[in-house]
2 protein chains.
Amino acid sequence: MSTEQIKGHLDPLVLAVLEDGPRHGYAIIEQLRLRSGDVFDLPEGTVYPALHRLERLGLLTSVREVVGGRERRVYRLARRGRTALAARRREWTRFSSAVNAILAASSA
Amino acid sequence: MSTEQIKGHLDPLVLAVLEDGPRHGYAIIEQLRLRSGDVFDLPEGTVYPALHRLERLGLLTSVREVVGGRERRVYRLARRGRTALAARRREWTRFSSAVNAILAASSA
DNA sequence: TGCTCATACCTAGAGAACCTAAGCATAGGA
DNA sequence: TCCTATGCTTAGGTTCTCTAGGTATGAGCA
């Protein structure tokens, strides 16, 4: 009954970040934090497995890069990822409207 | 990657329904369906355990009633439930704003 | 009478997703 | 040298929803 629950909503957020161009995991985490105004400060153990899952589903592709002696895995939105993002945006609208309707309603 | 995800957001919805007055489980399910415009058509196996949990947490109280020969358990929002609802409304606003910010942003 | 449907509740176990916590590795600054 | 930031990985725990089964009453219909 305490913390924020992204449960089930992380996928579209990640896809949306990658809509602006390829990024590696660490940068994705940073973008989520920045764009959310510090609301989503997600642990690596949350985001990395999600990236693996999305790639396994064919929504992302990834390549390794070495930058400044350090290795990164850069993710890119696949065609199917774009389609999925559009669908998830619609689902979010539907979902959040429904929640708002119930939370707002003082149908006394 | 398919269905809607209420995960972690059911509690405030139930509390909000009970804000309008005491209701039994079956009626709560119906209210969630009606107020959401059929978006939330939740199975009993989802809602009943949630009600038990919320009561265990002291956010709800319940009494048995017999109506037309059938037994019901009628739930009422406890004082702590009201407080929790207010907090959860604020959290939802914060959460949904953050999601919207990320999903909307084509920060190209 | 027997059947089905709506009402009304309960719960065990499966499945999914996030988080904790640990580990590994490099670069750079104190 | 040590610490911090960067960067990735994964095992296991927790929590929540859903599936699927069970129980029971009342009403309508054949």
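None of the values given here were measured: they were computed from a predicted structure. All chains are named by letter (A, B, ...) in the order of the sequence lines, taking the proteins before the strands, and each is independently numbered beginning at 1.
- Between Tyr26(A) and Val47(B), the residue anchored nearer the 5' end of DNA chain D, judged by the nucleotide with its closest heavy atom, is Tyr26(A).
- Closest contact between the side chain of Arg70(B) and the listed nucleotides dC18(C), dG7(D), dT7(C) involves dT7(C).
- Rounded to whole Å, atom P of dA16(C) lies 15 Å from atom CD1 of Ile6(B).
- Atom CD in Gln5(B) sits about 11 Å away from atom P in dA16(C), given to the nearest Å.
- The CZ atom of Arg73(B) sits 16 Å away from the C1' atom of dT23(D) (whole-angstrom rounding).
- Between the NE2 atom of His52(B) and the C1' atom of dC16(D) there is a distance of 15 Å, given to the nearest Å.
- Nearest-nucleotide assignment on DNA chain C puts the 5′-proximal partner with Lys7(B), out of Lys7(B) and Gly8(A).
- The side chain of Arg53(B) places an N or O atom within less than 4.0 Å of a non-bridging phosphate oxygen (OP1 or OP2) of dT17(D).
- Within the 4.0 angstrom heavy-atom criterion, only backbone atoms of the sugar-phosphate kind lie near Gly69(A); the bases stay farther away.
- For Glu44(A) and dC8(D), a side-chain-to-base donor-acceptor distance below 3.5 Å is present, hydrogens and geometry of angles not being considered.
- With rounding to the nearest 0.5 angstrom, the CD atom of Gln5(B) is 9.5 Å from the CG atom of Asp11(A).
- Side-chain N/O atoms of Arg72(A) include one lying less than 4.0 angstrom from OP1 or OP2 on dG7(D).
- Nearest-nucleotide assignment on DNA chain C puts the 5′-proximal partner with His24(B), out of His24(B) and Pro49(B).
- One hydrophobic cluster, built from ILVMFWY side chains closer than 4.5 Å, holds both Leu85(B) and Leu57(B).
- The distance from atom NE2 of His9(B) to atom P of dT17(D) is 10 Å, rounded to the nearest whole Å.
- For the salt bridge (Lys or Arg N to Asp or Glu O under 4.0 Å) test with Glu19(A), the passing option among Arg89(A), Arg35(A), Arg76(A) is Arg89(A); the others fail.
- Phosphate proximity of dC8(D) to Tyr48(A): present, with a side-chain N or O under 4.0 Å from OP1 or OP2.
- Taking atom CG of Leu42(B) as the reference point, atom P of dA8(C) lies 17 Å away to the nearest angstrom.
- Residue-level contact check: Gly45(A) touches the bases, meaning some heavy atom is under 4.0 Å from a base atom.
- Listed by chain and residue number, Glu71(A) satisfy the side-chain hydrogen bond (donor to acceptor under 3.5 Å, both in side chains) test with Arg64(A) (two or more places apart in sequence, or in another chain).
- At whole-Å resolution of the value, CZ in Phe95(A) and P in dT17(D) are 10 Å apart.
- Between the side chain of Arg72(A) and the backbone N or O of Val67(A) there is no donor-acceptor pair closer than 3.5 Å.
- Atom pair Phe40(B):CZ and dT17(D):P shows a separation of 11 Å (rounding to whole Å applied).
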